[in-house]
Amino acid sequence: MSTTAQTLRPDDGSGSGPGTGTGTSGLPGRRTRARGLGLGPGGMAWLVWRQHRTAFLLLLAAAAVATAGIAWLAHDASAAVAAAEGPGEPSPAAGAVLDEAYQRLNSVGMALAGLPVVIGVFIGAPLFAGDLETGTAKFVGVQSHGRRSWVVTKLGMAALFTALAALSTGIAMKALLTPLARHMAINANFTDAGGFDTTGPVTVALALLGLLIGAAAGLLTRRTLPAMVVTFVALLAVKTVWSWLRMAFAPTVTETTGGGRFGEDDTPQIPASGVEVDTSYVTGDGTLHGWSTCTRADDASACLRREGVVGWSVEYLPFSHLGAMQWAATGALAGLLLLTVGVLAYAARRALR
């Protein structure tokens with residue numbers, strides 16, 4: 001009887017049939033249970049780990065190094081903010097250190113914003129494309145493990161390592177962002193990709209989205225290099241559209257003035273931890289006019305009065321609202337993740353039929 005037939009033959013419960021998988025240890029059923037759980041040698045999780053362990057370990061190692069480096073920068077940033085907010089005027093040296101902390105924040109944030117692309121191209125795209133390209137995927141259906149188990153295990157393990165990497169860097173990045181944004185948000189814009197997409201639950205959601213898009217591209221193209229190119233282009237498009245939609249989830253706050261005070265010095269003052277979203281003139285009935293209204297008039301004040309302007313309206317986003325904004329955005333990303341899973345399931349059936 002062949003090895004495949006022995007693996008597929010059910011155990012008759014007597015402990016003596018082939019299904020028990022009695023090995024050299026003399027413990028009936030041990031091999032079968034290990035394979036069923038996918039934990040022992042020959043199990044699906046074990047096979048996936050052996051195949052992709054280099055990529056998974058490199059991802060975790062890179063995330064660990066990045067997390068440690070960002071944590072060190074966060075410690076320095078907190079110290080710089082404490083020195084700047086101390087009694088008396090901060091020294092020029094303290095100001096220089098604080099400026100450098102903001103520069104580091106922006107540089108690290110923009111680098112981490114590319115994490116979904118890196119994961120999609122180098123983890124997601126080769127995940128299935130490599131097996132389809134070499135033809136090893138053809139043997140999945142004739143082994144003791146089904147194709148669905150193969151797809152689910154590969155995606156599950158890749159998603160686990162992706163989530164761990166994104167979570168660790170996201171926590172460290174939040175520790176770096178928080179003191180700097182609370183001190184002066186205008187220099188640490190937490191609504192752009194470097195601040196918003198690299199902290200909180202959005203970090204994990206975008207990383208998983210990159211993985212799924214890469215995996216779907218691999219199943220559709222069945223070639224590693226084309227899958228990597230398609231993934232790169234697709235994720236750049238996603239990030240571009242996301243940059244347009246991000247502020248739609250912002251729970252902003254609006255401050256207004258009245259009484260006919262619309263000089264430049266009369267605009268409402270927003271907290272240092274807030275990011276200005278929009279500034280407009282406001283009329284008595286609440287209508288907003290752009291700040292460029294009447295700029296070409298000979299008498300701007302008279303022109304504004306004729307337009308019914310009575311003051312300013314300033315819309316801003318406090319840093320304290322960042323968490324609510326990120327969870328709302330994550331909800332939208334969850335819908336996109338489910339859509340991508342649907343495309344991936346279709347691509348898997350098409351590629352493995």
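Because only heavy atoms are used, hydrogens play no part in the values below, and waters and symmetry mates are left out as well, while side chains stay in. Treat the numbers as computed from the prediction; the structure is a model and nothing was measured.
Here the shortest heavy-atom pairing between R350 and L220 reads NH1-O, 3.9 Å. The two residues P116 and L235 come nearest to each other via the heavy atoms O-CD1, 3.5 Å. The two atoms that bring A324 and P251 nearest to each other are CB-CG, 4.4 Å, heavy atoms only. Shown here for L176 and P179, the closest heavy-atom pair between the two residues is O-CD, 3.6 Å. Between A348 and V151, the shortest heavy-atom contact is CB-CG2, 4.3 Å. Shown here for S313 and L288, the closest heavy-atom pair between the two residues is CB-CD2, 3.6 Å.
When atom types are taken as modelled, the side chain of T153 and the backbone of W150 share no donor-acceptor pair closer than 3.5 angstrom. Side-chain N or O atoms of Y316 include none that pairs as donor or acceptor with a backbone N or O of V253 at under 3.5 Å. With hydrogens and angles disregarded, no donor-acceptor distance shorter than 3.5 Å links the side chain of S273 to the backbone of R182. Side-chain N or O atoms of K154 include one that pairs as donor or acceptor with a backbone N or O of L127 at under 3.5 Å. Side-chain atoms of T287 never come within 3.5 Å of backbone atoms of T283 as a donor-acceptor pair (strictly under, hydrogens ignored). With N189 contributing its side chain and A185 its backbone, the two residues share no donor-acceptor pair below 3.5 Å. With T169 contributing its side chain and A166 its backbone, the two residues share a donor-acceptor pair below 3.5 Å.
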Next on the checklist: Please evaluate residues F319 and L177 with respect to the criterion side chain to side chain contact (heavy atoms under 4.5 Å, CB included), reporting the C-alpha separation (whole Å), side-chain torsions for both, the decisive distance (0.1 Å), and the verdict.
Outcome noted: CA-CA 10 Å; F319 180 73; L177 173 68; 4.1 Å; yes

Checklist entry - Under the side chain to side chain contact (heavy atoms under 4.5 Å, CB included) criterion, do V314 and D278 qualify, and how do the steps go? => result CA-CA 6 Å; V314 176; D278 183 59; over 6 Å; no

Next on the checklist: Before you tell me yes or no, could you show the steps for V81 and L180 under side chain to side chain contact (heavy atoms under 4.5 Å, CB included), namely the whole-Å CA-CA distance, both residues' side-chain angles and the distance that decides it to 0.1 Å?
Outcome noted: CA-CA 7 Å; V81 170; L180 295 173; 3.8 Å; yes

Item to check | Candidate pair E307 and C294, rule side chain to side chain contact (heavy atoms under 4.5 Å, CB included), full reasoning | outcome: CA-CA 9 Å; E307 295 290 335; C294 296; 4.1 Å; yes

Checklist entry - Can R246 and D192 be said to form a salt bridge (charged side-chain N to carboxylate O under 4.0 Å, His left out), step by step? => result CA-CA 8 Å; R246 191 183 298 117; D192 61 12; over 6 Å; no

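Transitive grouping of hydrophobic side chains (ILVMFWY, heavy atoms separated by less than 4.5 Å) brings L236 and L208 into a common cluster. Residues L167 and V117 share a hydrophobic cluster, clusters being chains of Ile/Leu/Val/Met/Phe/Trp/Tyr side chains in contact below 4.5 Å. By the criterion of side-chain heavy atoms lying less than 4.5 angstrom apart, applied directly or through intervening Ile, Leu, Val, Met, Phe, Trp or Tyr residues, I213 is grouped together with V121 in one hydrophobic cluster. Note: the hydrophobic cluster containing L317 does not contain I270 (ILVMFWY, side chain heavy atoms under 4.5 Å, direct or indirect links). Each of V230 and L211 belongs to its own hydrophobic cluster when Ile, Leu, Val, Met, Phe, Trp and Tyr are linked at side-chain heavy-atom distances under 4.5 angstrom.
Rounding to the nearest 0.5 Å places OG1 of T252 at 7.0 Å from CE of M247. If you take CG on L160 and CG on L155, they are separated by 12.5 Å, rounding to the nearest 0.5 Å. Here L47 contributes atom CG and H52 contributes atom NE2; the two are 10.5 Å apart, rounded to the nearest 0.5 Å. Atom CG in L339 sits 11.5 Å away from atom CG in L344 (nearest 0.5 Å). Here the straight-line distance linking atom CG of L212 with atom CG of L337 works out to 6.0 Å at 0.5 Å rounding. Annotation: the span from M184 atom CE to Y102 atom OH amounts to 6.0 Å, rounded to 0.5 Å.
R223 has its side chain out of reach of M228: every pair of non-hydrogen atoms, C-beta onward, lies at least 4.5 Å apart. For the pair V108 and L73, the minimum side-chain heavy-atom distance is below 4.5 Å. Side-chain contact between L59 and T162 is present, with at least one heavy-atom pair separated by less than 4.5 Å. Residues V282 and V309 are not in side-chain contact: their nearest non-hydrogen atoms beyond the backbone lie 4.5 Å or more apart. You'll find the side chain of Q51 reaches within 4.5 Å of the side chain of D131, heavy atoms only. With a 4.5 Å cut-off on side-chain heavy atoms, F56 and L60 do not count as touching. A 4.5 Å side-chain heavy-atom check between T67 and M173 finds every atom pair outside the cut-off. In this structure, L333 and L206 have side chains that are in contact, with non-hydrogen atoms separated by less than 4.5 Å.
Annotation for W49: atom CH2 counts as buried by contact number, over 12 foreign heavy atoms lying within 6.0 Å.
Checked against the 6.0 Å centroid threshold, F190 and F196 do not count as a close aromatic pair. Within the 6.0 Å centre-distance limit, the rings of W312 and Y281 are counted as a close aromatic pair.
Looking only at atom types and distance, the side chain of Q326 has a donor-acceptor partner in the side chain of T199 under 3.5 Å away. Between T254 and E315, the side chains place no donor N or O within less than 3.5 Å of an acceptor N or O (distance only, hydrogens not considered). Side-chain N/O atoms of E85 and H183 include a donor and acceptor closer than 3.5 Å. No side-chain donor from either of S301 and D299 sits under 3.5 Å from a side-chain acceptor of the other.
For the ring pair (Phe, Tyr, Trp, His ring centres under 6.0 Å) condition, the pairs that include at least one residue of residues 210-258, sequence neighbours left out, are W242-F249.
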